[in-house]
Amino acid sequence: MAKLTVKGKAAATGYDRNDKFGNGWKDPDGNKCDARQDILSRDMTRLSYKDAKKCTVASGRLADQYTGKTINWKVNSGSVDIDHAVALKNAWISGAQKLPQDQRVLLANDPLNLMASEASANRSKGYKNAAEWLPPHKSFRCQYVATQISVKRRYSLSVTQAEKDAMSKVLRTCPKQKAAKVTVLNSEAKTEPVRATTSK
């Protein structure tokens, strides 16, 4: 966290989810399944698929990290969303405006930044930062904040002072919490594919 730049929020002028971060889910790891399907497969158990190659998830069970609830999900039930740990609008006002388009698309599909979550929790979060929203499930807050820090570090995004203070308060409760090891992307270089982990 000490390596993150602290600055105020930029204006949201020009933000457009589809235009600036890519329209729809992409396939960052090249496995011919889009990022949404990869995350459903990664985060759920008791999976069933709609296709023989086990790409399109039909149903599964989610132990939701945001709320602590267990959700039995099936296609079109509306009970589970794929959340961006660092919301795309938050990314936009914390430096993503300056990223090349391919890195913004990668950010929107990066498995590091994605998590299956209860839909209502995801929607209550919106694009709030850690000073404005934390998961109701308190035991997950350390991992949640650590993930946000890892994503912001990887894409050179900033935090507000209030956001940093909120992150610090959470992390003081879990001094052994580790962030993911990330490589900071060079804003001048074309990005390489991101490999999604399939571990639960």
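Just so you know, these numbers come straight off a predicted model, no measurement behind them.
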Completion exercise
Value for CD (Gln177) from CD (Gln143), rounded to nearest 0.5 Å, stands at 5.0 Å
Exercise for the section: Would you please indicate if the ring centroids of Trp133 and Tyr144 are separated by under 6.0 Å? Expected result: yes
Handout entry: Shared hydrophobic cluster for Leu134 and Leu171 (ILVMFWY, side-chain gaps under 4.5 Å)
Key = yes
Exercise for the section: Report yes or no: does Asn109 contribute a side-chain atom to a donor-acceptor pair with the main-chain N or O of Val105 at less than 3.5 Å? Expected result: yes
Expected list for residues 78-90: side-chain donor-acceptor pairs under 3.5 angstrom, two or more places apart:
{"from": "Ser79", "atom 1": "OG", "to": "Ser77", "atom 2": "OG", "distance (Å)": "3.0"}
{"from": "Asp81", "atom 1": "OD1", "to": "Arg123", "atom 2": "NH2", "distance (Å)": "3.0"}
{"from": "Asp81", "atom 1": "OD2", "to": "Asn122", "atom 2": "ND2", "distance (Å)": "2.9"}
{"from": "Asp81", "atom 1": "OD2", "to": "Arg123", "atom 2": "NE", "distance (Å)": "2.9"}
{"from": "Asp81", "atom 1": "OD2", "to": "Arg123", "atom 2": "NH2", "distance (Å)": "3.4"}
{"from": "Asp83", "atom 1": "OD2", "to": "Tyr66", "atom 2": "OH", "distance (Å)": "2.4"}
{"from": "Asp83", "atom 1": "OD2", "to": "Lys125", "atom 2": "NZ", "distance (Å)": "2.9"}
{"from": "His84", "atom 1": "NE2", "to": "Ala108", "atom 2": "O", "distance (Å)": "2.8"}
{"from": "Asn90", "atom 1": "OD1", "to": "Ser94", "atom 2": "OG", "distance (Å)": "3.4"}
{"from": "Asn90", "atom 1": "OD1", "to": "Lys152", "atom 2": "NZ", "distance (Å)": "3.0"}

Handout entry: ILVMFWY cluster, Val145 and Val6 together (side-chain gap under 4.5 Å)
Key = yes
Problem - Heavy-atom donor-acceptor pair, Arg104 side chain to Lys20 backbone, under 3.5 Å - result: yes
Problem - Other residues, nucleotides, ligands: >12 heavy atoms within 6.0 Å of Tyr15 OH - result: yes
Problem - Glu163 with Lys169: basic N within carboxylate O range, under 4.0 Å - result: no
Handout entry: For the student: nearest non-hydrogen atoms of Thr56 and Asp51, plus distance
Key = N-OD1, 2.9 Å
Exercise for the section: State whether the number of non-hydrogen atoms from other residues, nucleotides or ligands found under 6.0 Å of Lys128 atom NZ is greater than 12. Expected result: yes
Problem - Cluster overlap Trp25 with Val75, hydrophobic side-chain contacts below 4.5 Å - result: yes
Exercise for the section: Report the distance from atom NZ of Lys98 to atom OG of Ser156, rounding to the nearest 0.5 Å. Expected result: 11.0 Å
Practice task
Check whether any side-chain heavy atom of Arg46 sits under 4.5 Å from a side-chain heavy atom of Asn72, and report yes or no.
Solution key: no
Handout entry: Check: Ser168 and Met1 side chains under 4.5 Å, non-hydrogen atoms
Key = yes
Exercise for the section: Examine distances only and state if a side-chain atom of Lys138 and a backbone atom of Pro135 form a donor-acceptor pair shorter than 3.5 Å. Expected result: no
Exercise for the section: Indicate if Leu4 and Tyr127 have the same hydrophobic cluster label, given that clusters are the connected sets of ILVMFWY residues with side-chain heavy-atom separations under 4.5 angstrom. Expected result: no
Practice task
Treating Ile, Leu, Val, Met, Phe, Trp and Tyr as nodes and any side-chain heavy-atom pair under 4.5 angstrom as an edge, say whether Val159 and Ile149 lie in one connected cluster.
Solution key: yes
Exercise for the section: Specify the closest pair of heavy atoms between Ala35 and Pro28, including all atoms of both residues, with the distance to one decimal. Expected result: CB-CD, 4.1 Å
Practice task
Drop me the distance from Lys54's NZ to Ser48's OG, to the nearest 0.5 angstrom.
Solution key: 10.5 Å
Exercise for the section: Any chance you could lay out the side-chain contact (heavy atoms from CB on, under 4.5 Å) test for Met115 and Ile39, step after step, and finish with the verdict? Expected result: CA-CA 7 Å; Met115 175 175 297; Ile39 300 307; 5.5 Å; no
Practice task
Would you check if Ser59 and Leu47 make a side-chain contact, meaning some heavy-atom pair closer than 4.5 Å?
Solution key: no
Problem - Side chains of Lys7 and Thr160 in contact at under 4.5 Å (non-hydrogen atoms) - result: no
Practice task
To the nearest 0.5 Å, tell me how far Asn31 CG sits from Asp27 CG.
Solution key: 5.0 Å
Exercise for the section: Take Leu107 and Gln103, measure what side-chain contact (heavy atoms from CB on, under 4.5 Å) needs, and give me the verdict at the end. Expected result: CA-CA 6 Å; Leu107 171 61; Gln103 288 190 15; over 6 Å; no
Handout entry: Side chains of Leu62 and Thr70 in contact at under 4.5 Å (non-hydrogen atoms)
Key = no
Practice task
Kindly say whether Asn129 contributes a backbone atom to a donor-acceptor pair with the side chain of Glu132 at under 3.5 angstrom?
Solution key: yes
Practice task
Not counting sequence neighbours, list each pair that qualifies as a salt bridge (Lys or Arg N to Asp or Glu O under 4.0 Å) and has a residue in residues 61-79.
Solution key: Lys69-Glu118
Handout entry: Side chains of Gln37 and Ser41, donor plus acceptor under 3.5 Å
Key = no
Practice task
Indicate yes or no: at least one non-hydrogen side-chain atom of Tyr155 is less than 4.5 angstrom from one of Leu106.
Solution key: yes
Exercise for the section: Indicate yes or no: at least one non-hydrogen side-chain atom of Gln148 is less than 4.5 angstrom from one of Met167. Expected result: yes
Problem - Euclidean distance, Lys50 NZ relative to Cys55 SG, rounded to 0.5 Å - result: 11.0 Å
Practice task
Measure across Pro111 and Arg42 and return the closest heavy-atom pair with its distance rounded to 0.1 Å.
Solution key: O-NH1, 3.0 Å
Handout entry: Donor-acceptor under 3.5 Å (Asp34 side chain, Lys26 main chain)
Key = no
Problem - Neighbour count above 12 (heavy atom, 6.0 Å) for Lys53 NZ - result: yes
Exercise for the section: Heavy atoms only: give me the nearest Ala131-Ala162 pair and the separation to one decimal. Expected result: CB-O, 3.5 Å
Handout entry: Non-hydrogen side-chain atoms of Leu185 and Thr183 separated by less than 4.5 Å
Key = no
